[in-house]
K.L.:
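The structure that follows is given in the form of structure tokens.
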Amino acid sequence: MSEDYAVSIDLALLPLLLRNKYIAAIKKLNVYHLLENQVLKISEKNAKKLFDEVSK
């Protein structure tokens, strides 16, 4: 089954401090399995949760 992804984030392009915040949020939200070659592909719903977590 194929999933549709609304957001793709290339963590390698982010500054180190911001990348670390994203990695911490990814682990906290348990979406680490969607990370491949430092590119995170997630649904719009999970993207909102991730952005909310990073902006705390």
Side-chain angles (χ1 to χ4, degrees):
M1 177 162 69
S2 173
E3 291 188 45
D4 292 328
Y5 298 108
V7 178
S8 180
I9 303 168
D10 190 343
L11 298 178
L13 299 177
L14 297 176
L16 184 59
L17 293 175
L18 186 56
R19 184 181 325 150
N20 289 343
K21 284 184 88 170
Y22 269 94
I23 290 173
I26 288 166
K27 288 179 180 178
K28 183 175 182 180
L29 295 174
N30 199 25
V31 292
Y32 203 77
H33 62 282
L34 299 175
L35 186 61
E36 183 177 318
N37 295 325
Q38 292 199 40
V39 176
L40 180 70
K41 296 179 180 178
I42 56 177
S43 68
E44 186 174 353
K45 178 182 172 184
N46 282 334
K48 179 168 179 7
K49 290 178 187 177
L50 180 66
F51 295 141
D52 288 345
E53 187 65 35
V54 169
S55 30
K56 286 183 180 177

K.L.:
Are more than 12 heavy atoms, taken from residues, nucleotides or ligands other than Asn37, located less than 6.0 Å from that residue's CG atom?
P.N.:
no

K.L.:
Roughly how far, to the nearest 0.5 Å, is the CD1 atom of Ile9 from the CD1 atom of Ile26?
P.N.:
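Separation between the atoms: 6.5 Å.
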
K.L.:
Output the distance between atom CZ (Phe51) and atom CG (Asn46), rounded to the nearest 0.5 Å.
P.N.:
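Nearest 0.5 Å value for the CZ-CG distance: 11.0 Å.
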
K.L.:
Atom CG of Leu11 and atom CG of Leu16: how far apart are they, to the nearest 0.5 Å?
P.N.:
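Between Leu11 CG and Leu16 CG, I get 11.5 Å after rounding to 0.5 Å.
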
K.L.:
Could you state the interatomic distance from CG (Leu13) to CG (Leu18), rounded to the nearest 0.5 Å?
P.N.:
11.0 Å

K.L.:
Looking only at heavy atoms, what is the nearest atom pair of Lys21 and Val54, with distance?
P.N.:
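Scanning both residues, the minimum pair turns out to be NZ-O, 3.1 Å.
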
K.L.:
Is there a path of hydrophobic side-chain contacts, each under 4.5 Å between heavy atoms of I/L/V/M/F/W/Y residues, joining Ile23 to Val39?
P.N.:
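No: no chain of side-chain contacts under 4.5 Å links Val39 to Ile23.
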
K.L.:
Looking at every heavy atom in both Glu53 and Ala25, which two are closest together, and how far apart are they?
P.N.:
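Looking at all heavy atoms of both residues, the closest pair is CG-CB, 3.6 Å.
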
K.L.:
Between Ser8 and Lys41, what is the shortest heavy-atom contact and its length?
P.N.:
OG-CG, 3.9 Å

K.L.:
Between Lys56 and Asp52 (salt bridge meaning N to carboxylate O under 4.0 Å), is one present in this structure?
P.N.:
no

K.L.:
Using a 4.5 Å cut-off on heavy atoms from C-beta on, say whether the side chain of Lys45 contacts that of Lys49.
P.N.:
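Side chain of Lys49 against side chain of Lys45, heavy atoms only: contact under 4.5 Å found.
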
K.L.:
When you compare the side chain of Leu40 with that of Leu50, does any pair of heavy atoms fall below 4.5 Å?
P.N.:
yes

